[in-house]
Each structure stands twice: as C-alpha cells, then as structure tokens.
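Notes for the one structure printed next.
First the proteins, then the strands, lettered A, B, ... as listed; each starts at 1.
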There are 2 protein chains.
Amino acid sequence: MSHVNKSAHPFDKGRLEALLSRRFFYAPAFEIYGGVAGLYDYGPSGSTLQANIIAEWRKHFIVEESMLELDTTIMTPAPVFETSGHVARFADWMVKDVKTGDVIRADHLVKNVLEARLAGDKEARGQAAAPAKEDEKDKKKKKSKTAKAAAVQLADDVAKSYEVTLAQLDNFSGAELGELCRKFNIRNPDTDNEVTEPQEFNLMFASSIGPTGQHPGYLRPETAQGHFLNFSRLLDYNNGRVPFASAQIGRSFRNEISPRAGLLRVREFTMAEIEHFVDPQNKSHPRFKEMRDVVLVLLDRHVQSSGNTTLIKMSIGEAVEKGIIANETLAYFMARIYLFLLKIGINPDRLRFRQHMSNEMAHYATDCWDAEIQNSTGWTECVGCADRAAYDLTVHSARTGHPLVVREALKEPIVTEKEVPEFNKKALGKTFKQDAGVLQKHVESLDEAALSKLKSELAEGSTTIIIDGKTFEIAPDLLRVERKTFKQSIREYTPNVIEPSFGLGRILYTLLEHTYWSREQDVERGVLSLPPVVAPTKVLIVPLSAKEEFDPLVQEVSSKLRRAGIFSRVDDSNTSIGKRYARNDELGTPYGVTIDFASVQNRTMTIRERDTMDQRIGSIDEVIAIVTDLVEGNIDWTEACQRLPAYDGVQAIES
Amino acid sequence: MSHVNKSAHPFDKGRLEALLSRRFFYAPAFEIYGGVAGLYDYGPSGSTLQANIIAEWRKHFIVEESMLELDTTIMTPAPVFETSGHVARFADWMVKDVKTGDVIRADHLVKNVLEARLAGDKEARGQAAAPAKEDEKDKKKKKSKTAKAAAVQLADDVAKSYEVTLAQLDNFSGAELGELCRKFNIRNPDTDNEVTEPQEFNLMFASSIGPTGQHPGYLRPETAQGHFLNFSRLLDYNNGRVPFASAQIGRSFRNEISPRAGLLRVREFTMAEIEHFVDPQNKSHPRFKEMRDVVLVLLDRHVQSSGNTTLIKMSIGEAVEKGIIANETLAYFMARIYLFLLKIGINPDRLRFRQHMSNEMAHYATDCWDAEIQNSTGWTECVGCADRAAYDLTVHSARTGHPLVVREALKEPIVTEKEVPEFNKKALGKTFKQDAGVLQKHVESLDEAALSKLKSELAEGSTTIIIDGKTFEIAPDLLRVERKTFKQSIREYTPNVIEPSFGLGRILYTLLEHTYWSREQDVERGVLSLPPVVAPTKVLIVPLSAKEEFDPLVQEVSSKLRRAGIFSRVDDSNTSIGKRYARNDELGTPYGVTIDFASVQNRTMTIRERDTMDQRIGSIDEVIAIVTDLVEGNIDWTEACQRLPAYDGVQAIES
C-alpha cells in the first residue's frame, strides 16, 4: 500500500472524528450519563479493528518467536507494587489553580503555555503559515485548545529558551517544573490565576480485596509484574533455558490527572507486552542477522540533551556497532516493532525511535527507546522498548525470599582454590568456653590474605588474636588453615529483561489518522484505507435490491466466504448502492461484491476495490477465489485486474 | 471424539491439579507473595487454551450470526450501577463467626454443613460407597474440606428436610438463611462457634476516578451495562433494525466473600456476553427451525420447587410448544450454547440446563436457564441464558432522559379516530380571564366518553362545568368538540434483551476435568484429550537428538506448519522421546512428529496420535498435509491411518 496521501484535501481532524463517531469506531464511555474523561468504548468497527491488530500481533510476535503467553490478573495486592516501586514513584506532578482548585498536569501546563506563546510569536513575525520542517519536533505545530496566546513577538533569546525548555521537557523534576512556572510566569490559561507548587499524584487506581477491607489492592498500571512474579514457572516451562520471552495482551489502568487527548491518553487501555529474559553477560540475539539491515529513524538522548531534535537514519547493525543502541536484543526488537507497525498500515515516514533522557526514564529502566508515531497532536509514544535490567526480579526476590534466578550448568566447571580454616571444635570449646563462638566467627570472616598470614603464623607455633580487646592464644592443635580446591559447575544469575510494550489504543488511533483521506470530488466522502489484514470487514456483500430472488445468492456468497475464512457483511439496507459503498469506505472495507440480476441469470458478480473504486466482473466462484487471495495478501489489485475484466455496467455510479 | 472415560483409573482430582500446576495451565496469582484467594494467573498452556476457546466462540457466535462486537470499559462511574440496581442489590449474604470474626458466605455454610451431615448419615447407614444416580443433584457427592461430620445416622424426616432444603437453597433470602442456621444449629465448622445473622455484602470492587476523588466508580461485575449504554449507537450501526445482537469478551470482577473452589469461583474472570435485542411482541427467531430438533436435558423450576431434581430430555421445539422454555429466541440460544460446548470438548452427558427459581433470579431477569456442567464439585453454572426483558434499557433511559427505543416504520399505518376539543381562545380569555387556563386544562384532560357527552350538550346549546367549586357557563362559540382522524406510521418500543453469558474460566476448568484421564499401565501418565480446535499446541516437533544435522529439517517443518496456520512447538530438550511425548500428553498436544536419521536420509517423518499413541510414517510433505487436515477437522485419525502406513520402528517406545 502506498502511503502517499491520496487526498486532494488537507487533513481535517474534525471530519475524521465525526466519521469515527458516526461509524462507531469508538465513543466516550457512559456517554448518555455525560461521560467521564479518559474512558472510551469501542464499537463494532473499533473493536474488530483492535481484535485484528491483536491477532496480527500474536502471529508476528508470539507465534513467530514461540513466546510463552500469559494472562495474569489486573487486581493486584499492594505489597507487589510497594516492592516494584510503583507505590512510591508511579506518579505525575500536578498543580492546582490557587483560586478554583482545578487540577492540571504540571508538564502539560508548561508545554501548552510555552507552545502557545511561541505560536503567538510566529504569528507576530508573520511566520504562522510556514510549514514546519519534517524533522522538527512536531509538538510545536499543535494549537492547544486551552492555551491561546496573543500574537506577541518574543525577544529572540526568550523564544530560544522556550524552545530549549520544550525539547527537554520530559527531563524535569517536580521542583524544576515549579521553578519554570515562576520563571516564565506560567498561569492556568483558563482563568489566568497562579498555580500551586507541583505535588505528586500516584496514577494507580486503588481498591480493596475481600469483605473485611484488610487487603488493599491496585489495578495494575502495566502487565509486566504478572510476568516477573511467574518467572520461575515460566523458566521451568521453558525447560530451564534462557533466553525466552513471555507475552501478554490485557487491560491496564492509569488514573490520569486530566486526560484530554482522545484515545491518546486514557485511564483504561489495552496493552501488549513482551518480557524477554536474557543473560546479562550476553545480550546478543540469535536472529539478529535477519534484522541487521533494517533502517530506522533514530533520535538519541545526546541530541535531545543538546536541545535539538535532529533525526538520523541508520541500520540497526550500524547503530549497535556505534553504541547508539545498547545491545543486539534491544535493537532486534526495535526492528521487529518497526516491521509490525508497517504491516498493519502505519506510515513509515511518520515513525521514529526516540531514546529516553536519563531523568525521564521509568524508575526500573536502564535504557529505553520509544517508537513514536506522528499524528495531528505531534509525535506520540506508541511502543516503549526498555531494558529493565535485573531490577524487577531482584526486588521481588529480595522481598519474598523466593529465588528468581537462572541456574545454568557450566560446560567447563570453574575451578578455584582458597584457604579454609578448620577448627578442632571440642578443644576450642574446652579452651575458650562461651567465647569459642566469637573466635570462630571472627576467623571465618577473614579474607584470603589474613588467612594466609594466620596459616604461616600457626606453622611456626601458637599465635595471638585480639577481638574487641579480648586476647585469644591459639595453639596449632586448635585451628588449621588448609588450601582447598573448589569446583563450580552451576552458574546462578538474575536475568535481565528487555521489554517491548505496546499501547494498542494509541496505535489504533494513529493508524486511523494515517489511513484517512477523502475523495477529490467531495471532501465529505471519507475513506479509511486500512490494509485488509486489519480491516474490520474484508468484503461487503451488496444485493442490488431487497428482491427475494437475490437471497439464495447472498446466502451462497456469504457462506462460501465464511468457509474461506473471510469475514464479510451483507448490506441489504434500503439505500442506493453508491451510498452503501460510501458507508463502507468509511468503515475501511477493502472490497465490495454486488449481486444483481446478471448474477441470478449468469452467476456473475462484480467486485469493487475501495481506494480506486475500480470495478471488475467474473463468475461468482472466480470472484470469491480472487477476493480470498487479495485478503490473504497472495495477490494485489493489479494482479486481480489481470484475472478479471473491467466492469462497464451502470449499476453503481458513484461520482 | 468419544466421551467414554478412556482411563482405567478413577478420576483423581489431586493428580489433575498437580498436572495443571506442573504444566502451568494456571496458578494462584502472586504465589511468591503467598497468593490471594480467588485470583489466578493463566500460564502458557492455560492462556492459549483460553485464547483458542475465545477464537472458537467468536467464530461460532459473532461471525456466524453477524453480531456487533463491543469492547467497553471495566471502570464504571457509580451512577450507572445505581441505576442498574447493582449498588443496592448485587450482594451476597455473609455471616461472621461470633468469636473469631471469620467471614463465611451464608448459603455456602448451610450447604456445606448439611451436605456433610447427610454424608455422615449415609456412612452410618453403610451407603457411603454407593454411586450417586446420574440424575441426582451431584453436590451431595462432594466432600467439603471444611465441613466434616461424624458418621451419625439422622432420623429419616431430618435427612429428608436437609435434602429438600438443599434442593431449594438458591431460593432463600438472608433472613431465611439465618433462620435455617438457628433451626438446624449450623455453626462455623472450623471452630464450632455460632455465627451472626446474615448481612448483605456488595460484591462490586469500589474505586475512585480522577485526582480529586470526586467520582466514585466500580469495576463492572458483568459486561452487560456497556452494551445497554451504547444501545442507540448499536441500533444506528444496524441501520435501525431489530433484532440484532451485540457481543463482548472481557474481564469482570466480583469481590467474592470467601472464594475457595479454584477457577470455579474467582474474583476476576473473563466473560463472553451476548445481548440479543428483540421486539417484545415477537420473540420468534428467524433461524429457530435450524435448531428445533436439538435435544437438551432440562431441569425446570417446577420440578425444583417441589424439592427434587428429575431431569427431562426434550427437543427445544417441543419445550417451546409446551411452554417449558418461554420463547423461541431463548431456546435458540440454549441450543447454540449446547452446540458450542460440545464443539470445544464438553461431555454432553454431563451437561444440563437448569431454570432459575423465582427468588434466585437476578433482579433484572424475568426468566433464566443456566447451562450447568458436572464436575468433581457437582453441577456448576457455566453459562447463563437470561431474558432481561426491558429492565435495563428502561431504567437507564428513565435516569438519563436519553430514549433507548426502537422506532419502527409500520407497513400499515394505524388509523384511529378521537374527539378533540377546540377552543376559541380569544373569546375564552375575554369571558373567563385568569380562569381560562384552568378550564382549558380540565377539558383537555377529559376522556373520550366525557368529551362525547360534552359534545352532545354543546350541540343543544350552552352547558355548565364545575371545577373545584367554581362554575363555568360555556357557550357553543367558546368550545367545539370534533371527531378527528389520526394516522400513526411509527411504532416506538423498548426492546427486550435475551442474554447468553459465558464464564470462560469455569468452562475451561470443567473442560480440563472432562478431558483428563491416565494411561492404563501407569496412573501417573496423565493425558488431556483436548480437541485439536482448542488444544494450546497442535503439533509437537521432536528431533530425535540435539544433532545439528536435524536443524534444517526442524526449521523446514516448523515454517511449513506456520504457513499452513498450524501452531507447533519444537521440543529439543535433553530427554528421551518417550518423556517428551508424555509431557505433551499432559499439555493436550494432539499430534507429534519426529525427525530422525531416516528424515535426513529419506525425507520421511513419523506422526503420533496422542490418545492412541499410534504411530504412522510418510514423507515430510505428506505428513504435514495430513496433520493440517486433522487439525482443521477435515479428517479424523482413522482416515489418516488409511493414508499413512503404520510405523513399526523402535525410536519411540513408550510403555
């Protein structure tokens, strides 16, 4: 599929949103109750699109790489998140309007206000209409709904300092955000009131398990902990071998402070997460060579820290060699993420990988690259790819006393020698009575050098040791120090974790933006050019009219497609064929077949392709075979056209 | 697949549970933290089994019947559940131990204690070993872990009253349960202490939405409300037509009082729910004729109310005719549920449909049949099939003011005539001044008969009306009553809802019990005879040894199976082939293929069938084609054996 915008019209977010609501891709949850910010329901088109993305994800990752799937609970007892650090640190900074008490997320406030002032500055300089450069941080283009600034020109150095601040925004602490508010005189744009100092707000939803309220619990903010807690069972399932990956698709919850950006920032969402467990001493990947030449667009942390956003294009092989991406496994997954996103229809020209800056990183991560996809709000993190190192397994193991380690049989045992003290316990007890234990403990804690020294002293006769002012006279018959050989045949280690984590709602919304356009002749005629692999319905069956003589053929085509595994829908509604096709263009249905009087007489059927509106004709069985090949990706429309003649009938004039 | 127990050994729940834990079908969530009752994680085998059951469910219901899929949020603002009645009534009765404060669900306490006493009675009468009759309420067989009673013989009438109580148990209110505790001297079996009066405990998990805590919310206890709140959008999506069904697969939560029965009673679970919206005046189903002859085992409410549990076998056609099942749509779904359960491997001899008794029914239901499946704990409700009538749509519409109705164009408009008063408003005002409104309102509220009488009085001249002691003298020029014709071309109504609701965890666990058996020669060698359609892995690929020369063939077979859409796993672990096959019998993998030296030399491969341990041989491509046919259900093993000769090699001796 070509990603050139087919539309003669500029992208119109309002029209897309109207389409998505009209065709019930999604809608605010509890709409008839007035809705609640950050909660959305997916309708038939949206939930089927999501189910298809998930099915493809399962194929691309779980099946292709034999990952171990998991399905763990959302409700989680508090001790788990105390250990993982989420109770203490999974928080955002919020400020309150000093007069109204309205709550605003601090970093969003700074961003909205500074962006609005920069936009006002550009307007004053007469640059408002200038297109932003492709490689510039796109957030600047966005016009905030709440923060509007007058067209006031800023001093050059002020404008520059705003830009630097915005490029580093994800890097600031709460105190620093508060300082920025004072320094730049940032107020609540809705009221022009000052705001309070930033306070932390924990983003986990709290609840309580059981009838007596004695078990506090949280709804998980990520599925990851469920993987870590089951590590021993997973390792066992994998016959004790590392590396392996577990995978989970499921709902998570974050009680966002003031969600506003549609599906891009929500309080309940479906994630797909992979935890790839790997030897910390060997982060190579057995299939890296298959991905080595995949070229990604990168924005690394050094570039960002210097306050700019220059992108580089580089193969992952080169990026690993140059140390830009830390290791093969991280890079391998970045390439696999890239290929997955392309497969479902994301425009590769609007996809980049941005490395987290050090303060921005989650508390558990040592390195992290986000797959960011550009949409009308700017660059949006849609997939995180983090190296969590051994953080989680280590803290859970320490808290529970349950070892979360790999025990690996060494091919060559490691042989070591060391000095070992051996006591004549009976004589020791007789000589030192209750102090014998103190002496023994002291000697056992000595290092190699001290033991050697003791050994040579004892070789020459009795020696003296002073512990806490008490003197022990030790004769050679009480203690011997001997050199012994040790053989270690098992290596025990805590594996590291590479975590690709997908926000499916963000991907889904961005995909809708990337595939939306409208017909040249009529801006109202929207089309979603979803690839067949994810399109909610693959084939629309359109009987020319409600005449009963069409029914047996509709049944036949419908059941033949079902047997071929192709999901179709019948539209026998009481409107023109053109209108029915237009509705299905909005639903992203790639193919339509029409049953008319010729079908009844000659068993022929026409097929229409969504993007070109081309129509072809063939026998019913031929068309079914071709549409099956099209949907399964065996052929494209050009090849289909070679097998089917053009249809020049008049039945479905569309324009 | 035959459902005769293949095992020479009696069912051993302990061994099955050990297998399910060892092979990580599921395990207590947060196990390394000590676990929390009623929360379970599914491992690779369990989650893939669940995903396959869901995929089949989607095909059987959503695709086959063109249902509208939904994915709505779990987190729900409180007003929704206030309206639906869940805040007031979604509760169980609990009692507390008067000394320890331990919390017990009241009906479970009564059940466990009475069942234990009856078991003790049977033992005393020397009947303990007698097998319970097939059609008897199986719960009696269960030995409760907590309630053990001595082998004490009961008076005949006491035993009878226990049995009658148990058969009606689901029918009792909280006060009645309290009375039973006193009457039968029921105490906490763990401590022998008395218990308190039953109190209600609401089963919804509570939380709070947003940073200021002003929006109380609940985790949904069912997915249904998400369907009802979106009714208008769904109806619109379906072009305004009824009947149609929405469907949703998702997580729900119930804060059970003291969950103990493994996957059968949990606090977080995956449901699949259908809401079929239908005209209340016409609950026929267009495809009922396809299901008419399906025979179900029924236990209706009259039989239960009379205190017994006699089952009847009847076609749904007959059951609808006789009024046992209320309508065609309810019966149609019962038959479809039955066929689905058989398809995934439930034993039809251990499946019945039980009608709810009147007090037992959920507050929103007017009729309800549960598909109950027998397992080692008795008969367990796995699917509910309820007629919720217009309850939910009516209450949400009343609360929000948003009409949740169908507006249906009538084929024949309904023509009615009625008397209509027409005022001469100017003259009326002049005559009666400020009282004119009172008069007008009064006249407009008159019924047809009163208007007719007024009309004939006016035909004869002025007349008098007295309102609240005030007399109005009305002349014919002030008011005329005329007969008018009205034409109604739209019928507006609130649809009824038929709701099949599936508890997937319960079905999954029961399926594992139904398919578990062990080899005659060794009770430790467990097998799960899962049908290929739901088996987590379809084909195991077993290289004879770790020799590198097998690698290219393993890759080839693995990728050919992947291309054919067959999920396989390689087991190249360092154990004997027999042990690897035994492990996969426990995982329910129906087929295994072995790659050995003959494969390298002759490109042949053996295939092994799980249940019979039969081995056959053929060329690699032939075996792949046959295993594909087997997994897709095109052929069975007998047919496969006709195409492939028996293998009489020695490579995999198993017994």
Review point. Under a 4.5 Å heavy-atom cut-off, does chain A meet the side chain of R562(B), its backbone, both or neither?
Key: side chain
Check your understanding: T76(B), V570(B), V36(B): which one forms the most heavy-atom pairs within less than 4.5 Å of chain A?
Key -> T76(B)
Study note, to complete from the structure: Given A55(A), G240(A), S66(A), the one with more heavy-atom pairs under 4.5 angstrom with chain B than any other is S66(A)
Practice item. Flag the one option from P77(B), A29(B), S232(B) with the top tally of heavy-atom pairs under 4.5 Å to chain A. Key: P77(B)
Review point. With only heavy atoms counted, which part of M94(B) is less than 4.5 Å from chain A, the side chain, the backbone, both or neither?
Key: side chain
Point to revise | Most contacts with chain B, counted as non-hydrogen pairs under 4.5 angstrom, among G34(A), S47(A), P44(A) | key: P44(A)
Point to revise | Interface moiety of N202(B) toward chain A, non-hydrogen atoms closer than 4.5 Å | key: neither
Point to revise | Heavy-atom pairs under 4.5 Å with chain A, option from P259(B), P211(B), G217(B) with the top count | key: P211(B)
Review point. For S558(B), is it the side chain, the backbone, both or neither that has a heavy atom under 4.5 Å from a heavy atom of chain A?
Key: neither
Point to revise | Sequence-distant partners of T400(A), side chain to side chain contact (heavy atoms under 4.5 Å, CB included), two or more places apart | key: H402(A), I32(B), Y33(B)
Revision key, fill the gap. Ranked by heavy-atom pairs below 4.5 Å to chain B, first place among R241(A), R399(A), K59(A) goes to R241(A)
Exercise for review: Walk me through it: do T73(B) and R251(A) pass the test side chain to side chain donor-acceptor pair (under 3.5 Å)?
Suggested key: CA-CA 9 Å; T73(B) 64; R251(A) 212 57 80 86; over 6 Å; no
Practice item. Heavy-atom distances under 4.5 Å only: say whether I74(B) touches chain A with side chain, backbone, both or neither. Key: both
**Study point:** Heavy-atom pair count under 4.5 Å with chain B, highest-scoring of G38(A), S45(A), S258(A), G250(A)
**Key:** S45(A)
Check your understanding: What option among G210(A), S568(A), S397(A) has the most heavy-atom pairs under 4.5 Å with chain B?
Key -> G210(A)
Check your understanding: Which answer fits E69(B), side chain, backbone, both or neither, if we ask what part of it has an atom under 4.5 Å from a heavy atom of chain A?
Key -> both
Exercise for review: Determine which pairs satisfy salt bridge (charged side-chain N to carboxylate O under 4.0 Å, His left out) with at least one residue from residues 198-217 of chain B, sequence neighbours left out, and list them in order.
Suggested key: none
Review point. Which answer fits Q248(B), side chain, backbone, both or neither, if we ask what part of it has an atom under 4.5 Å from a heavy atom of chain A?
Key: neither
Review point. Which one, I209(B), I257(B), T212(B), leads in non-hydrogen pairs under 4.5 Å with chain A?
Key: I209(B)
Exercise for review: Could you tell me which portion of F201(B) (side chain, backbone, both or neither) has an atom closer than 4.5 angstrom to a non-hydrogen atom of chain A?
Suggested key: side chain
Review point. Do L229(B) and V80(B) have side chains that get closer than 4.5 Å, going by heavy atoms?
Key: yes
Revision key, fill the gap. Highest number of heavy-atom pairs under 4.5 Å with chain B among M67(A), R23(A), K96(A), H396(A) belongs to H396(A)
Exercise for review: Check whether L203(B) gets within reach of chain A through its side chain, its backbone, both or neither, counting any heavy atom under 4.5 Å.
Suggested key: neither
Exercise for review: Run the salt-bridge test on R583(B) and E586(B) with the 4.0 Å N-O cut-off and return the result as yes or no.
Suggested key: no
Study note, to complete from the structure: So, the part of V103(B) with a heavy atom under 4.5 Å from chain A: the answer is side chain
Point to revise | Top contributor to chain A interface from D236(B), L404(B), N574(B), D572(B) [non-hydrogen pairs under 4.5 Å] | key: D572(B)
Review point. So which of F205(B), F30(B), F253(B) has the biggest tally of heavy-atom pairs under 4.5 Å with chain A?
Key: F30(B)
